[in-house]
Amino acid sequence: MKPSFDSHTNIFKLSNGKVDYLIYINKLGIPVHLYFGKSLKDFNSSDFLKQPDYNYQFYKDNHFETIDHYYETITPVEISTNNSNDLRPSSISIEHGDNNLLDFRFIGFETVDIEQSEEIPHARALSPSDCILKLKLKDIQEEIYLDLYYRLLNDSNVLIRKSEVINKTGKTIYIDKLASATIDVPFQQQELIHFEGSWANERNYIKESLNYGLKMLYSLEGRSGHSENPFFIVKNKETTENFGACYGFNLIYSGNFANELNVNNYNSLRINTGINPTNFHYSLKDEERFLTPEAILTYSSSGLNELSQTNHRFVREHILSKEQREKQNKIVFNSWEGAGMNFNTDSIIDYAKKAKEIGAEIFVLDDGWFSTRNDDQHGLGDWYINENKINLKKVEEEVHKLGMGFGIWIEPECVNIDTKLFKEHPDYALGKRDRVRKFGRNQLVLDFSRKEVFETILNEIKASLKNIKIDYIKYDMNRTLGDIYSYQNPQGEVFHKYVLGVYHFMDCLLKAFPTILFENCSSGGGRFDLGMLYFSPQIWASDETNPMRRLFIQYGTSYGYPLSCISSHVSKAYGSYQTKANVAFFGTYGYEMDPRTLSQEEIQLLAKYTNFYHAVHHEMINEGTFYRLLSPFETKFASFLCVNKEKTKALFLYHSFFKQVNACQYIKLEGLNPDFEYEINGEKFSGSYLMNVGLNFSQFKEADTDSLLFLKKVEEE
Ligand code: DGJ
């Protein structure tokens, strides 16, 4: 559907029948934000356009003018410049000549999207019937152009936004800030939900009231990071999982981001989302353009579960590549928790044999197979196989003979200083040679903003693995970026060009190993973002494999990302195997332990879980609909379920974190067909009973016990 433009009211309307987005071009040519939400049957434009009763006054060359009802720091706008009278955090700041004064005005519009380059990940497999608008703006004086892109998906409550600056000034200009999207809405005591964390403690759900002042959710880690996920939600106070309006925001970006939420003294809530402006000073020569990452705005009028489901569908259909998605969700056995870097050819072959017995489909040799890498202080950056330690070819052949795929770990972006690579090219690492350079996990970061640096690593990896048949790669990155100094690129461009370098590297890697399943990881889940999912359909969500903690991590992650992207392994440590498997089922299931220490009973048990995973995973986890029921962040329980498309099957999990003596507890299910009858462990229940009364959990419970239930529609005779 094309957007409409009413030339009497000057209002653009993007609509997909379910959601409307309205923009008013005011008398000055400034795009004013009017509305984003449930489709309006009709609206009274004169009421809509009643802006605060202030006047905009300006003076230039002896000319004085007044424009009614526009006040820069109150009127909701689509874009706001630095160094103007709009005192809210700006969307854009550009240094040109000796100043950064800017004032963008509407000069036209088109209904086409930009031709996307492969330089930066973006939504894909989009429909030509999406509602697309490009607003063309120009500074009132300088030849600086700004295009604002809007794409409302035709079949889903998703709006994709991005901005592009075009320099036609004849000289170089410098972008200091450019948000992918800005949106101003009246402040109505909304709440913010965001996902903070740390290593082994990722994506904790935080709910807080928005109040006067500036709230900034950000990363300066050089990756999206553990500390804050780029995904966040703004909701009405009364909105719950299954009721009320809410908005989701995410970025297709894996580097430093800034999400600014500002409530000002005039009751305006501004939201800016985009690349973090800190240390960002990007030069644009004459005729050059700069395109931001895409911001993904989602809307639900029926609560957070629906919002998450919209995001899940969007990721599956428009972020993951078709090729990777088809290879996804094989059961991986990873050597890390069992062996660390302490292994040899025979021990790893023994691992693989046992992994096969429990049903693994891909055997992965993690860190420690190359150069002098026997601990994390050595060898990283030299990618030749350590033949003294492991006969990789033999391992690969044995694994294949066992009928499994063979996978390998790499960490291309970092370097230990004892390596040949660092000794020969000390300038390949970020930081200045004559200054202190600080380590993280005993390693420095390679300057991936430079092509020759990442090409050197890529070629080495390709050369050493050229005779090995690789079916899977786990791509890791184990520290934050620091000492931001490049010997080649301007320093204000390093953070962004670094991320582009990582994307370029991943693209080349996938071309070099076209048949692999690609998994991401960054010290556990330090890069769980849409940019990474564009390349790899699954991400190791956390180094925490304790299921009681994993429940929190996976629950938090589920708000923005589908379960099938959450890589989750059963390990040897912590709790019962049943609980570990129950939690891992609600993700991409796998194993990570020393399998040689498993008893025959344990092997049989795990093999049984493997079969169960195969029976339920595709229909319910991969393709089904996920509902959160009880939050571990807000109750002493965790509960959720996945329902298949036909609503004939569901997989439900309930976990109690504390000991409970006969307290009354019913858990109402969601997403079933009320008219169907379901069988659970031999008992029959109607869908309407399960959804309105619920499953009865009013019995004695030990702490940390759980129930995994499989629901199946009773077929009529
Ligand atoms: C951090 C990852 O999260 C682990 O799974 C493992 O791959 C180690 N790195 C290896 O160094």
Side-chain angles (χ1 to χ4, degrees), residues 197-203 221 223-227 254 331-343 348 351 355 360 362-383 386 389-390 406-416 418-419 439-446 457 461 470 472-481 516-529 532 536 538-546 549-550 553-554 557 565-574 580 584 587-594:
S198 52
W199 177 74
N201 178 33
E202 291 88 343
R203 289 170 295 287
E221 296 185 23
R223 54 183 179 178
S224 48
H226 290 90
S227 50
S254 311
I331 296 185
V332 161
F333 186 102
N334 182 294
S335 66
W336 178 249
E337 277 204 21
M341 299 185 212
N342 185 15
F343 52 78
I348 284 300
Y351 263 60
I362 298 181
F363 180 83
V364 178
L365 181 57
D366 207 283
D367 199 353
W369 56 270
F370 51 92
S371 69
T372 56
R373 186 78 172 165
N374 293 315
D375 57 43
D376 63 19
Q377 298 176 26
H378 301 100
L380 187 61
D382 288 343
W383 287 101
N386 182 353
K389 182 174 179 179
I390 187 132
F406 179 62
I408 201 94
W409 174 98
I410 56 170
E411 184 177 0
E413 295 167 56
C414 290
V415 66
N416 289 130
D418 70 337
T419 50
F439 293 94
R441 207 203 191 199
N442 308 303
Q443 61 207 38
L444 298 177
V445 181
L446 290 170
I457 301 292
I461 292 175
I470 303 287
Y472 160 110
I473 289 181
K474 174 176 170 187
Y475 183 114
D476 202 350
M477 163 48 165
N478 281 299
R479 60 160 292 182
T480 58
L481 270 58
I516 58 160
L517 164 64
F518 196 34
E519 176 155 337
N520 235 278
C521 169
S522 184
S523 294
R527 249 187 198 161
F528 211 110
D529 61 65
M532 287 295 119
S536 67
Q538 53 198 58
I539 301 180
W540 181 230
S542 178
D543 278 341
E544 178 59 271
T545 53
N546 176 344
R549 283 295 315 143
R550 265 279 177 157
I553 294 164
Q554 296 184 196
T557 308
C565 299
I566 304 175
S567 181
S568 186
H569 295 173
V570 173
S571 72
K572 190 109 211 269
Y574 324 108
K580 286 183 278 201
T588 289
Y589 187 78
Y591 296 101
E592 185 142 350
M593 60 190 56
D594 182 347

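All ligand and atom numbering here is 1-based and tracks the order in the structure. Residue indices begin at 1 and follow the sequence shown.
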(message) Quick one: does any side-chain atom of Lys580 pair with a main-chain N or O of Thr545 as donor and acceptor, under 3.5 Å?
(response) no
(message) Can you confirm whether the side chains of Glu411 and Asn478 place a donor and an acceptor under 3.5 Å from each other?
(response) yes
(request) Output all residues satisfying salt bridge (Lys or Arg N to Asp or Glu O under 4.0 Å) with Arg550, sequence neighbours left out; order by chain, then residue number. (result) none
(message) Give the residues near ligand 1 by chain and number, with the criterion being a heavy-atom distance under 4.0 Å.
(response) Trp336, Asp366, Asp367, Trp409, Arg441, Lys474, Asp476, Asn478, Cys521, Ser523, Gly524, Trp540, Asp543
(message) Test your reading of the model: is there a side-chain donor-acceptor pair from Tyr472 to the backbone of Val332, 3.5 Å cut-off?
(response) no
(message) Ignoring hydrogens and geometry beyond distance, is a side-chain donor-acceptor pair present between Glu337 and Tyr591 at under 3.5 Å?
(response) no
(message) Strictly distance-based, threshold 3.5 Å: is any side-chain N or O of Asn386 a donor or acceptor partner for the main-chain N or O of Ser371?
(response) yes
